[in-house]
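One structure below.
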Amino acid sequence: MSAVTTHSPHDDAHGHEVPYETQMRSNRLGLWMFMFSELFLFGALFTTRFVLWGNTRPALSQEIGLLATGILLLSSFFMYRCEVGAANGDQKTFLRSALLAALMGTIFFIMVVVMEWNVFGLSGELFGIELFGHLKPSDGVYGGVFYAMTGMHALHVLSGIALILIIWWNGRRGFFTPERHWGVEATAIYWHYVDVVWVFFYPALYLMGHAVK
Amino acid sequence: MSERKSAAYRLGLITLAMLAVLTIIEFFVAVYVQSVYVQSLVLLFIIAVVKAAIIVQNFMHIARLWREESH
């Protein structure tokens with residue numbers, strides 16, 4: 001007499017392990033779909049700028065805008081090095097680049113919040129360049145659009161910095177290997193996405209149209 | 001392995017240089033072609049699209065989405 005074992009499809013689903021390669025493809029697709037959904041949010045803000053500002057823009061510090069953009073690009077470069085380091089088992093480059101990317105991101109955040117938003121109401125010049133902005137959120141469509149765009153972007157910068165610090169912390173504990181480092185790859189893609197958004201926001205806020213005092 | 005790593009680091013540097021040059025061009029377009037609004041707007045938008053494409057291709061590795069291997 002043979003023993004009868006009950007075997008349901010439910011058991012199959014739990015017993016079967018998804019191959020890592022398949023899981024990675026799903027992860028990547030999921031991340032890109034998430035970023036695509038975010039595109040609607042940033043796209044709406046970008047469009048709002050053109051509808052409300054038209055051929056004008058507030059008189060913002062060109063030097064701060066250019067410097068902040070350069071720092072964010074540099075941060076993206078370090079994030080790229082961080083990912084390459086993790087993918088090649090270069091632990092030193094991985095950890096050092098992660099910290100540098102987070103540092104550059106923090107400098108960018110400070111430049112937007114402390115200098116451009118001027119949350120502490122400071123004033124001052126360096127080599128004839130005005131260091132602190134004057135635009136307030138209540139300054140009509142200029143203030144409203146500027147703070148909505150930079151605020152939403154700054155929120156993403158902040159969350160990106162938190163993610164970078166998490167992978168740095170986990171990396172120090174040997175959490176990632178050249179074969180398995182999805183956390184690093186996902187953080188890098190997210191951080192570069194934040195950079196891509198700024199690539200469009202920077203000319204829209206600082207360069208396009210005539211400056212209005 | 002080492003050669004692949006060096007090539008990857010080099011790509012990062014080349015990408016950064018391209019982005020830096022395009023950002024500077026963008027800045028000068030805004031300053032010097034500003035009087036011709038439509039032209040400068042179109043030019044600035046094209047530069048932004050090119051910069052975004054470079055980041056998506058070289059830094060974000062969009063091609064991995066339809067590649068077979070895991071890395």
message = Under 4.5 Å from any heavy atom of chain A, what part of B:Leu13 do you find: side chain, backbone, both or neither?
response = both
query = Does the gap between the ring centers of A:Tyr142 and A:Phe146 come in under 6.0 Å?
reply = no
ask   = Do the side chains of A:Ser61 and A:Ile129 get nearer than 4.5 Å, heavy atoms only?
value = yes
ask   = Hey, are the side chains of A:Gln23 and A:Asn27 touching, using non-hydrogen atoms and a 4.5 Å cut-off?
value = yes
message = With a strict 4.5 Å heavy-atom criterion, list every residue of residues 152-172 of chain A that contacts chain B, or say none.
response = none
message = Does either side chain, that of A:Glu185 or that of A:Tyr190, offer a donor lying less than 3.5 Å from an acceptor on the other one?
response = no
request  = With sequence neighbours left out, write down each residue that passes ring-ring contact (aromatic ring centres under 6.0 Å, His included) with A:Phe109, or none if nothing qualifies.
outcome  = none
task = Against chain A, label B:Ile24 side chain, backbone, both or neither, depending on which of its atoms sit under 4.5 Å from a heavy atom there.
result = neither
message = Taking every non-hydrogen pair under 4.5 Å, which of B:Thr15, B:Ile54, B:Val49 racks up the most with chain A?
response = B:Val49
remark   = Under 4.5 Å to a heavy atom of chain A? For B:Ile55 that would be side chain
task = Please determine, among A:Tyr202, A:Trp32, A:Trp182, A:Phe200, the option with the most heavy-atom pairs under 4.5 Å with chain B.
result = A:Trp32
key: Residues which pass salt bridge (charged side-chain N to carboxylate O under 4.0 Å, His left out) with B:Glu26, listed by chain and number, not counting sequence neighbours   = B:Lys51
key: Max heavy-atom pair count under 4.5 Å with chain A, selected residue of B:Leu44, B:Leu65, B:Leu19   = B:Leu65
Heavy atoms from other residues, nucleotides or ligands near CZ of B:Phe45 exceed 12 (cutoff 6.0 Å) = no
inquiry  = Tell me if the aromatic rings of A:Phe201 and A:Tyr206 count as close, with their centers under 6.0 Å from one another.
reply    = no
request  = Heavy-atom distances under 4.5 Å only: say whether A:Tyr193 touches chain B with side chain, backbone, both or neither.
outcome  = both
message = Below 4.5 Å, heavy-atom pairs only: which of A:Thr22, A:Val84, A:Thr69 has the largest tally toward chain B?
response = A:Val84
query = Using a cut-off of under 4.5 Å for heavy-atom pairs, which of A:Val197, A:Leu29, A:Asp90 has the most such pairs with chain B?
reply = A:Asp90
Per-residue contact mode, B:Leu16 against chain A (heavy atom under 4.5 angstrom) = side chain
inquiry  = Can you give me the closest heavy-atom contact between A:Asn88 and B:Arg4, atom names plus distance?
reply    = OD1-NH2, 3.9 Å
remark   = Nearest heavy-atom approach of A:Leu205 to A:Trp53 is CD2-CH2, 3.7 Å
key: Side-chain donor-acceptor pair present, A:Glu130, A:His134, cut-off under 3.5 Å   = yes
ask   = Contact part of A:Leu66 toward chain B, heavy-atom cut-off under 4.5 Å: side chain, backbone, both or neither?
value = side chain
remark   = Honestly, the part of A:Phe46 sitting under 4.5 Å from a heavy atom of chain B is side chain
Under 3.5 Å, sequence neighbours excluded: what are the donor-acceptor pairs made by side chains of residues 73-83 of chain A?
{"unit_1": "A:Ser75", "atom_1": "OG", "unit_2": "A:Ala101", "atom_2": "O", "d": "3.2"}
{"unit_1": "A:Ser75", "atom_1": "OG", "unit_2": "A:Trp191", "atom_2": "NE1", "d": "2.6"}
{"unit_1": "A:Ser76", "atom_1": "OG", "unit_2": "A:His192", "atom_2": "ND1", "d": "2.8"}
{"unit_1": "A:Ser76", "atom_1": "OG", "unit_2": "A:Asp195", "atom_2": "OD2", "d": "2.9"}
{"unit_1": "A:Tyr80", "atom_1": "OH", "unit_2": "B:Ala8", "atom_2": "O", "d": "2.6"}
{"unit_1": "A:Glu83", "atom_1": "OE2", "unit_2": "B:Arg64", "atom_2": "NH1", "d": "2.9"}

